[in-house]
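Here is the structure we will look at.
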Amino acid sequence: MTHAIATPPIPSLAITGSAQRFPVHRIYCVGRNYAEHAKEMGAAVERGTPMFFMKPADAIVADEGSGVIVPYPSATQELHHEVEMMVALGRGGHDIAPGDALDCVFGYGVGLDLTRRDLQAAAKAKGHPWDAAKGFDASAPASVLVPVARCGHPRRGALTLQVNGEPRQHGDIGDMIFDVASIIHELSKLWTLAPGDLVFTGTPAGVAALARGDRFRAELEGIVALDGVIA
Ligand code: MN
């Protein structure tokens, strides 16, 4: 079989300690997974079922080990950072039981769920979808992935973001309303998960604006960090 146009490249992430890469299939994101962030957004803290949205796989800006350069997006005056733990799936499935969910995890990383906050506020006010606020080009700067064989399944640990050397966000993944197993379980009720899926697990409090020239450092304590600049 040949394609009528050039085959689009498969977005992928580097893997710590490996020459192989992790091909990104889909990017799922969890909204409002830390109570203090839900409050700062003026949203109710929902503990029943998580709220999901998606980004296209090619929104990834992959760290090759020396940091990322992220272009300031079009059509916004309010680009916000949301530092998040990323979970990369090596196995998928449908209706995955919570007790089986962690067996699907390939590894962990840290990334930014970049958000056009002004467009998101306008969409919320009109009851419109969030795609233009969340799923734009280069909206998912992402670290290298650390395989489970190296880092295990982290249950606690600081999740932080510094901008120009100043602390902006500080949370602990132990404070997620829905933990990793619950997220995978709930996602798999709605979509058939596949190897290559990447999950952004929500952001702690402290989201704020980024400007051109800002340098950031996102870190999942003891596991992985991501350095970058907004260009
Ligand atoms: Mn987010």
Side-chain angles (χ1 to χ4, degrees), residues 13 24 26-47 49-61 63 68 70 73 76 78-89 108-124 128-143 154 157-163 168-180 182-184 186-187 190-191 197-210 214 216-220 224-226 228 230:
L13 295 173
V24 178
R26 291 177 181 168
I27 304 174
Y28 298 99
C29 303
V30 186
R32 301 168 189 158
N33 202 23
Y34 290 80
E36 292 306 312
H37 171 63
K39 288 178 191 167
E40 76 179 347
M41 296 305 295
V45 178
E46 301 271 1
R47 295 183 185 273
T49 52
M51 186 269 280
F52 298 119
F53 59 92
M54 297 176 78
K55 292 175 185 271
D58 66 357
I60 286 286
V61 183
D63 185 16
V68 292
V70 181
T76 185
E78 195 179 21
L79 175 67
H80 267 205
H81 53 70
E82 297 190 0
V83 65
E84 310 203 359
M85 180 172 74
M86 304 187 307
V87 179
L89 302 190
Y108 295 87
V110 67
L112 297 187
D113 164 17
L114 290 177
T115 302
R116 287 167 165 150
R117 193 70 74 197
D118 44 359
L119 298 197
Q120 187 192 33
K124 284 179 179 176
H128 286 179
W130 288 9
D131 301 62
K134 288 289 197 178
F136 52 91
D137 297 348
S139 60
S143 73
L159 175 62
T160 59
L161 182 75
Q162 292 189 340
V163 179
R168 283 279 184 94
Q169 292 190 258
H170 186 109
D172 191 297
I173 57 169
D175 292 331
M176 290 195 296
I177 296 169
F178 298 96
D179 64 13
V180 172
S182 299
I183 291 167
I184 292 170
E186 294 289 343
L187 276 172
L190 297 166
W191 293 275
D197 285 344
L198 192 62
V199 184
F200 279 66
T201 55
T203 196
V207 301
L210 289 165
D214 280 350
F216 63 82
R217 181 175 179 80
E219 189 163 6
L220 181 57
V224 68
L226 170 68
I230 307 296

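Atoms within a ligand are numbered from 1 in the order they appear, just like the ligands themselves.
- Looking only at atom types and distance, the side chain of Ser143 has no donor-acceptor partner in the side chain of Asp63 under 3.5 Å away.
- For Tyr108, the ring pair (Phe, Tyr, Trp, His ring centres under 6.0 Å) partners at least two apart in sequence or on another chain are His153.
- Residues satisfying the salt bridge (Lys or Arg N to Asp or Glu O under 4.0 Å) criterion with Arg32, sequence neighbours excluded, are absent altogether.
- When each of Lys134, His81, Glu78, His80 is checked for a side-chain hydrogen bond (donor to acceptor under 3.5 Å, both in side chains) with Thr115, only Lys134 meets the rule.
- Counting only heavy atoms from C-beta outward, the side chains of Asp131 and Phe53 never approach each other to under 4.5 Å.
- Tally of protein N, O or S atoms closer to the Mn ion (ligand 1) than 2.8 Å: 3.
- Taking the ring pair (Phe, Tyr, Trp, His ring centres under 6.0 Å) definition, one finds that Phe136 meets it with nothing, sequence neighbours left out.
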